[in-house]
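All residue numbers in this chain count up from 1 along the given sequence.
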Amino acid sequence: MSSNKEQKKSGLVLWTTKYTLLNAAYFVAFCTIHAYAAVFLLANGFNNTEVGILLAVANIVSAIFQPIIAGVIDKPGFLTNKRFILISISIILGGSLILMFIPGKKIPIFIVFATIYMIQFAYQPVMTALCFEYQKAGCNIFYGLARGLGSASFAFTSLFIGRIVEKNGVSILMWVSVAAMIISLAIMFTFVKPKDIEGEIKSESGTKELGEAHNSFLSFAKTYPAFVLFLVATICFFFAHNMINDFMIQIIRNLGGNETELGIANFLQAILELPVMALIGIILKKLSADKLLIISGVAFFIKILILVFAQGMLHMYISQSCQLFAYAVFIPAGAYYVSSTMEELDQVKGQAYITSAITIGGVFSNFISGYILDNFSIKAMLITGSVVAAIGVVIGVIAMTRLPHHQTEEA
């Protein structure tokens, strides 16, 4: 009996370590590509409006692409979670290498940067689905801890990369991205299910009830009405969230800071995600995932509202501290909500729809924020974000308290 417990414990450590390293490498590259997108593009001759258009185009394609890919992955066939992640990593690796050798060439940079920006968003929900897939196959993974440590890797990258960029230029961003993708490839090749476990899964597949797949959005919406309305709220929350993240350097410069303060601000918000994500299993025993999603929405609103009245970097850091209740709660709560309320054949789609809603929020934010910055002011941009986030809170409360989470066909 004790040897059985030791095997389970060692398995938990091994698989959690693998998944943690995968998350850590992903979020190192996410920092250099997403958090520093405006820094990289502005240094290569883009203006605010052009940055907004580029990110919006990438987000639009990503929002359309994610549910389609999820539908393919949900069906038995060649394209699995693991294979799609491997393909995505390879594209980002190649794109980052290309960007090193075409400084200042706006059209090629537009195409390549938009592609890797889009692909990086697209495989984020598939990584979440990969975790739950391997958990169900008997490979113990501490999801909250691994995801939280991924955020910590983003935090430490942000802390140091700002100063390095100030001294060495934006090309260092792509070098870090290349290194992270090489590590990701190496880790993904270690994701192999034990043969005895795979055999058990295959033998049970004929008898196990996986539920019905709802591949059309209309059918999906009828089955999960609360979730689908909450996706609208998610768009609003991440309109505000992306507004801060994508144009943070402009906000910080307006408050008297520079790239070093950008790194500190990103570090603060990301490192605060670790304790919440690591403890999410305990938190979920006290509060259900749907209640946590509402709490996170309120925190998104407060986070941007603080910036409307900010007078210096202290207020920026206070705003970033709201990440403890906003993004840090939203991401794991959303993953567990999907896993607990949806049929197994709908779960990759569910994760993808969350990321698509996040992406659509980014689309509107990119278009509108860039335009407002170039034609009005940072304060006007932040007021707009606050209003949209407040609307999201109202919609989120209605979705999670008034509508059924899983509507059966009979109902």
Side-chain angles (χ1 to χ4, degrees), residues 15 18-19 21-23 25-26 29-30 33 58-96 114-139 141 143 180-195 197-202 204-206 208-217 219-220 223-224 334-335 338-339 342-360:
W15 282 101
K18 287 182 183 182
Y19 192 67
L21 290 172
L22 186 64
N23 272 272
Y26 176 87
F30 192 88
I33 293 171
N59 282 323
I60 289 168
V61 176
S62 182
I64 296 168
F65 185 58
Q66 288 164 29
I68 294 170
I69 288 296
V72 176
I73 293 173
D74 273 333
K75 297 174 184 176
F78 172 80
L79 194 61
T80 61
N81 290 320
K82 179 179 175 179
R83 284 177 181 151
F84 180 71
I85 292 171
L86 285 169
I87 292 167
S88 300
I89 291 169
S90 300
I91 293 171
I92 294 169
L93 175 59
S96 299
T115 299
I116 65 173
Y117 187 98
M118 179 270 292
I119 291 291
Q120 195 171 50
F121 251 144
Y123 89 87
Q124 188 179 92
V126 183
M127 278 178 52
T128 303
L130 180 80
C131 174
F132 287 104
E133 175 197 338
Y134 274 70
Q135 281 180 341
K136 286 168 185 173
C139 304
I141 300 173
Y143 171 75
M181 290 299 99
I182 291 172
I183 292 168
S184 296
L185 275 177
I187 296 164
M188 277 308 302
F189 283 116
T190 71
F191 268 72
V192 180
K193 294 173 190 171
K195 289 183 180 177
I197 292 175
E198 283 196 321
E200 286 173 22
I201 295 167
K202 286 176 183 176
E204 289 174 5
S205 62
K208 186 178 178 183
E209 182 59 51
L210 297 177
E212 180 188 352
H214 300 87
N215 289 323
S216 78
F217 184 76
S219 172
F220 188 92
T223 308
Y224 310 109
V338 167
S339 182
M342 294 186 186
E343 304 285 359
E344 191 168 337
L345 291 176
D346 287 328
Q347 289 184 15
V348 178
K349 283 189 292 293
Q351 304 292 356
Y353 278 131
I354 289 176
T355 311
S356 287
I358 291 171
T359 306
I360 291 168

Taking every non-hydrogen atom, the tightest pair across [X] and [Y]:
X	Y	answer
A335	Y143	CB-OH, 3.8 Å
I116	G95	CG2-CA, 3.8 Å
T190	I187	OG1-O, 2.6 Å
F191	K82	O-NZ, 2.8 Å
F84	A122	CE2-O, 3.8 Å
L22	S184	CD1-O, 4.1 Å

Any side-chain heavy-atom pair from [X] and [Y] closer than 4.5 angstrom?
X	Y	result
K349	F217	no
Q135	W15	no
F65	F121	no
V348	N81	yes

I182 and L185: side-chain contact (heavy atoms from CB on, under 4.5 Å), yes or no, with the steps?
CA-CA 5 Å; I182 291 172; L185 275 177; 5.7 Å; no

Tell me whether [X] contacts the main-chain N or O of [Y] through its side chain, where contact means a donor paired with an acceptor under 3.5 Å.
X	Y	answer
T223	S219	yes
S62	A58	no
Q347	A129	no

Candidate pair Y134 and Y19, rule ring pair (Phe, Tyr, Trp, His ring centres under 6.0 Å), full reasoning:
CA-CA 10 Å; Y134 274 70; Y19 192 67; 9.1 Å; no

What distance separates [X] [atom1] from [Y] [atom2], expressed to the nearest 0.5 Å?
X	Y	atom1	atom2	value
T128	Q351	OG1	CD	5.5 Å
T355	Q66	OG1	CD	5.0 Å
Y224	M342	OH	CE	6.0 Å
L21	M188	CG	CE	12.5 Å
M181	S88	CE	OG	9.5 Å
I89	I119	CD1	CD1	11.5 Å

Apply side-chain contact (heavy atoms from CB on, under 4.5 Å) to residues I91 and T115 and explain how you reach the verdict.
CA-CA 8 Å; I91 293 171; T115 299; 4.2 Å; yes

Result of checking I69, I92, I87 against Y123 for side chain to side chain contact (heavy atoms under 4.5 Å, CB included):
I92

